[in-house]
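These figures come from a predicted structure and were not determined experimentally.
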Amino acid sequence: MDETVPHCNWDKIICTDDGYMSWIDLSSNQLTGSIPSEVGLLSHLIGLTLENNQLTRSILSEVGLLSHLIGVTLKNNQLTGSIPSEVGLLYKLERLTLKNNQLAGSILSEVGLLSGLWNLYLYNNQLTRSIPSEVGLLSYLWWLELYNNQLTGSILSEVGLLLDLEHLFLFNNQLTGSIQPEVGLISDLSVLNLFNNQLTRSIPSKVSLLLCLEYLYFSNNQLNRSIPSEIGLLSDLRCLLLYNNQLTRSIPSEVGLLSSLRHLHLFYNQLNGTIPTELDSLENLEATFNLSSNVLTRTVPMELGIMRNIEKLHLSNNKLVDSMLHL
């Protein structure tokens, strides 16, 4: 930048009428090194965007001095260290985007002080330990994306307090324990992705209360009970992925009520009994329909073979007596 030009005339810098910097957007500028501590002197700043650079080292505690910030975007850098607790002082913050860095340590309880937060993006880092219960205090949160970290512990019941949440992405972590029934209280939830964790026990029947749900991903866990029949109440559901668990008992016939369903994968479980004839009502299923590697028995309903949008029907590695196994 040309230092002979007043800073308020710099490209991607917005100033107040009094000449104070209010918004800095230096994204995609090949910036290197650390974020200077002098940033903390910009007391009128409401937006800080430094994404898509090569910034290194840690996020400095001085960021907590910027009490007017409503948006912080530091994604797609090489930032390390932990998230400073001083972030909790940013009481006006609405968007916090730190994804695609190398941040480590835990998600601090101070995040619960960000009462006006709408979006929290911390995915693709190296965050560890459990999700703090104080996340449940973020009552305005729409998007919570913590995937591709090393988070442990359980999904806390406090997640049910996030009544405005629409997208919950916790996949590719090391979360354990059961899926809490309080998740069914998040009435606006559209996407629930818990793929590739170590979750156990049952799929809570309260999931059926999520009437806005379109995408449900519980694959690659250790869920070991039955698929609740109440799942048939999710009339807007487009994608149901439950493969590679330890689910038992029969496929509930109520799955056939999911008229909006486009993708259904239940392979690599321990499902038994017969294939419900009601599944032929799933007229919107696309591409591959996979029930392979279970313990399904008896004959295959002929109606499954004429489902118009299915390219491949996988039924192998079961105990079926029908010859129609690879349509």
Side-chain angles (χ1 to χ4, degrees), residues 14 22-25 43-51 59 63-75 83-101 103 106-125 127 129-149 151 153-171 173 175 179-194 206-207 209-217 236:
I14 299 175
S22 61
W23 201 288
I24 298 176
D25 182 355
S43 58
H44 291 75
L45 205 63
I46 63 173
L48 178 61
T49 302
L50 303 176
E51 65 184 68
I59 301 171
V63 72
L65 299 174
L66 305 176
S67 59
H68 294 290
L69 276 177
I70 61 173
V72 175
T73 303
L74 305 179
K75 66 181 182 180
I83 301 170
S85 60
E86 287 80 4
V87 167
L89 300 175
L90 305 178
Y91 66 97
K92 293 184 179 181
L93 203 62
E94 296 177 358
R95 297 177 300 279
L96 180 58
T97 305
L98 306 179
K99 63 186 180 181
N100 295 333
N101 280 286
L103 297 171
S106 61
I107 302 172
L108 300 177
S109 60
E110 285 83 357
V111 74
L113 299 174
L114 305 177
S115 58
L117 203 63
W118 293 357
N119 303 326
L120 180 58
Y121 302 115
L122 303 180
Y123 62 84
N124 288 348
N125 281 287
L127 299 171
R129 301 187 182 179
S130 60
I131 301 170
S133 60
E134 288 80 3
V135 167
L137 299 175
L138 304 177
S139 57
Y140 291 103
L141 205 61
W142 288 356
W143 293 70
L144 178 57
E145 301 198 6
L146 308 179
Y147 62 87
N148 288 346
N149 280 288
L151 298 172
S154 61
I155 300 173
L156 301 175
S157 60
E158 285 82 358
V159 73
L161 299 174
L162 304 176
L163 300 183
D164 287 342
L165 197 66
E166 296 182 2
H167 298 80
L168 178 57
F169 293 88
L170 302 179
F171 62 89
N173 280 289
L175 299 172
I179 302 171
Q180 298 297 321
E182 285 81 1
V183 74
L185 300 176
I186 314 174
S187 57
D188 289 335
L189 200 62
S190 172
V191 182
L192 177 55
N193 194 334
L194 307 181
K206 298 294 185 182
V207 167
L209 299 177
L210 302 175
L211 298 183
C212 294
L213 198 64
E214 296 183 14
Y215 301 92
L216 179 59
Y217 306 100
D236 288 341

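Here side-chain hydrogen bond (donor to acceptor under 3.5 Å, both in side chains) pairs that include residues 154-163, with residues two or more places apart or in two chains, number zero. Applying the side-chain hydrogen bond (donor to acceptor under 3.5 Å, both in side chains) definition to pairs two or more places apart or across chains, those involving residues 90-101 are His68-Lys92, Asn76-Asn100, Lys99-Tyr123, Asn100-Asn124.
Every residue two or more places apart in sequence or in another chain was checked for a salt bridge (charged side-chain N to carboxylate O under 4.0 Å, His left out) with Glu182, and none qualifies. Residues satisfying the side chain to side chain contact (heavy atoms under 4.5 Å, CB included) test with Ser139, not counting sequence neighbours, are none. Taking the salt bridge (charged side-chain N to carboxylate O under 4.0 Å, His left out) definition, one finds that Lys206 meets it with nothing, sequence neighbours left out. Scored by the salt bridge (charged side-chain N to carboxylate O under 4.0 Å, His left out) test, Glu214 finds Arg238 as partners (sequence neighbours excluded). Residues meeting the side chain to side chain contact (heavy atoms under 4.5 Å, CB included) test with Asn193, sequence neighbours left out: Phe169, Phe171, Phe195, Tyr217. When the side chain to side chain contact (heavy atoms under 4.5 Å, CB included) test is applied to Leu127, the partners found at least two apart in sequence or on another chain are Ile83, Leu103, Ile107, Leu122, Asn125, Asn149, Leu151. Not counting sequence neighbours, Trp23 has no partner by the ring pair (Phe, Tyr, Trp, His ring centres under 6.0 Å) test. Looking at residues two or more places apart in sequence or on another chain, you find a side chain to side chain donor-acceptor pair (under 3.5 Å) between Asp25 and Ser27.
Checked options Leu209, Leu163, Leu168, Asp164; the residue passing with Leu189 is Leu168 (criterion: side-chain contact (heavy atoms from CB on, under 4.5 Å)).
For Ser22 (side chain) and Ile14 (main-chain N/O), a donor-acceptor pair under 3.5 Å exists by modelled atom type.
Leu137 has its side chain out of reach of Leu161: every pair of non-hydrogen atoms, C-beta onward, lies at least 4.5 Å apart.
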